[in-house]
J.: 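Before I ask anything, let me first share the structure, which is written out below as structure tokens.
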2 protein chains.
Amino acid sequence: MLTTLDSSTPEGLRPVLQPLPTLTSAGTRLLEAAGELFYNRGVRAVGVDLIAETAGTTKKTLYDRFGSKDALVALYLLDRAHQWRSFLLERIELPASARSPEHSVLAVFDALETWMGGQLRGCAFVNAYAELGEGDHPAVPVIRAEKAWMRALFDDLTGDSAVGAHVHLIYEGTLVVLTAGGDASGMVEARRAVRIALASNG
Amino acid sequence: MLTTLDSSTPEGLRPVLQPLPTLTSAGTRLLEAAGELFYNRGVRAVGVDLIAETAGTTKKTLYDRFGSKDALVALYLLDRAHQWRSFLLERIELPASARSPEHSVLAVFDALETWMGGQLRGCAFVNAYAELGEGDHPAVPVIRAEKAWMRALFDDLTGDSAVGAHVHLIYEGTLVVLTAGGDASGMVEARRAVRIALASNG
DNA sequence: CTGCGAGTATACCGACCGGTGTGGTTACCT
DNA sequence: AGGTAACCACACCGGTCGGTATACTCGCAG
């Protein structure tokens, strides 16, 4: 049952991301600039000077609003998680009738394809995780939460934890194969694999 | 048929990685130091000064041997691909008799678990790809070759391209879920998913 | 004996890193 | 009128970045 996608409880039992703090206008510009730069070039490759300049403001304002580059990185990922979640949910919840697990899960992969739009930069969360090294970074909980949310979503959509796990593995693998692997046929193979995973439901 | 794992043609038709160049003693130390530092802390987070110091030599020698940091990064990945491939193959090829696709494929996941040894730093190739940004980096072909090699391996082991693709997606997803996702149960779910994927073979 | 490849030691380069400090200008709230 | 939060301009900090230059020592092959 798709209990968590009922119109009355659109978020259901899935873990909810912490909300985004209210931002000033310069803060918004900074977060938007950081978002594009961090994603396209990598977190460590982008300096705070460039972010401030791109946003049409100053480093001073950046540090007044966000406190540190690390905090800005964490907020960038939190913001992106919110964007992806709303993008995804409105593509899953629309056909409120005749909603099968296969239809819903494949809609997630359709949404992913649209979201990526041919880009090859991969998953922002996996990429950020790769750059953070061994220590504990404020962005790590955001990354973990995003992955846990996707897993819980697939559990809900399939109604089965084992099938949800299987589909989630395919989902994460698809992102890697499409981007780092450079294999453009990955999405076709993913959809075929998803149908097999769903057919295994007991 | 496991044509490419016959004892007479251990590499078979799978694409072969370019060989590692011969290294001097200081060069070997540099590559080993770079390997550990790059993997554990990230490529961009490690400077050439630290690598030279860790290897007990100088930056001068590093640049005499490798020419640039980018070239050293590419060689680090090529070296790691060779290590992983030999580690993996000796764990797959050993029981030359009674070799089923299920046994072989699950042996890959066993090898992966052993290779990772509880570490949470993820796939070196995916991590490096995440750090390279948009441009063309000498490491990209090495990354692509490694992913293509794993895919071809699964095609061979399963004897079916669709099943191989499915298992490869699960494999890449497992690495992400275990590390960035921080989900320790990912390996158990992966093995279950693999059995389902293999059972779909026509 | 000579030449050469390999390695060591150290100094240097301009650019950039994340982060701070000062001072001044708006605009809104009480 | 006074306070304050937000913002901008700009200068500054110590440290590190990738990469280069100079000069010296060693072992070895011709």
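In the text below, chain A, chain B and the rest are named by the order of the sequence lines, each starting its count at 1. Excluded from the calculations below are hydrogen atoms, water molecules and symmetry mates; all remaining heavy atoms, backbone and side chain alike, are included. Please read all numbers here as calculations on a predicted model, not as lab measurements.
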J.: Rounded to whole Å, please give me the gap between CG in B:Leu37 and C1' in D:dG18.
T.: 16 Å

J.: Each nucleotide in nucleotides 18-29 of chain C should get exactly one letter: B, S or -. Can you fill that in based on protein heavy atoms under 4.0 Å?
T.: BBBBB-------

J.: Atom CD of A:Glu53 to atom C1' of C:dC17: distance rounded to whole Å?
T.: 15 Å

J.: For residues 161-173 of chain A, tabulate all N or O donor-acceptor pairs below 3.5 Å that involve a side-chain atom, not counting sequence neighbours.
T.:
unit_1: A:Ser161; atom_1: OG; unit_2: A:Arg151; atom_2: NH2; d: 3.0
unit_1: A:His166; atom_1: NE2; unit_2: B:His166; atom_2: NE2; d: 2.8
unit_1: A:His168; atom_1: NE2; unit_2: A:Glu172; atom_2: OE2; d: 3.0
unit_1: A:Glu172; atom_1: OE1; unit_2: A:Lys147; atom_2: NZ; d: 3.1
unit_1: A:Glu172; atom_1: OE2; unit_2: A:Lys147; atom_2: NZ; d: 3.2

J.: Report for the helix from C:dC1-D:dG30 to C:dT30-D:dA1: angle between first-end and last-end helix axes, five pairs each, rounded to 10 degrees.
T.: 0°

J.: Ring pair (Phe, Tyr, Trp, His ring centres under 6.0 Å) with A:Tyr76: which residues, sequence neighbours excluded?
T.: A:Phe38

J.: Is there a donor-acceptor contact under 3.5 Å from the side chain of B:Arg29 to the main chain of B:Ala55?
T.: yes

J.: Check this for me: does any side-chain nitrogen of one of A:Glu102 and A:Arg195 sit under 4.0 Å from a carboxylate oxygen of the other?
T.: yes

J.: Give a yes or no answer on whether the side chain of A:Arg91 reaches the backbone of A:Phe87 with a donor-acceptor pair at less than 3.5 Å.
T.: yes

J.: Salt bridge between A:Asp64 and A:Lys59, side-chain N to carboxylate O under 4.0 Å?
T.: no

J.: Indicate whether the side chain of A:Gln83 and that of A:Asp79 have a donor and an acceptor atom separated by less than 3.5 Å.
T.: yes

J.: How close or far is atom P of D:dC17 from atom CG of A:Leu50, stated in whole angstroms?
T.: 20 Å

J.: Just checking, is any N or O donor in the side chain of B:Arg121 or A:Tyr129 under 3.5 Å from an acceptor N or O on the other one?
T.: no

J.: Can you check whether B:Thr57's main-chain N or O pairs, donor with acceptor, with B:Thr61's side chain at less than 3.5 Å?
T.: no

J.: Using a heavy-atom distance cut-off of less than 4.0 Å, which residues of residues 22-29 of chain B contact DNA chain C?
T.: B:Thr24, B:Ser25, B:Ala26, B:Arg29

J.: I'd like to check the side-chain contact (heavy atoms from CB on, under 4.5 Å) partners of A:Ser185; sequence neighbours left out, ordered by chain and number.
T.: A:Asp183, A:Glu189

J.: Between A:Arg191 and A:Glu113, is there a side-chain N and carboxylate O pair less than 4.0 Å apart?
T.: yes

J.: How close or far is atom P of C:dA6 from atom CZ of B:Phe66, stated in whole angstroms?
T.: 12 Å

J.: What is the distance, to the nearest angstrom, from the CG atom on B:Leu62 to the C1' atom on D:dT20?
T.: 13 Å

J.: Atom CZ of A:Arg65 to atom P of D:dC8: distance rounded to whole Å?
T.: 10 Å

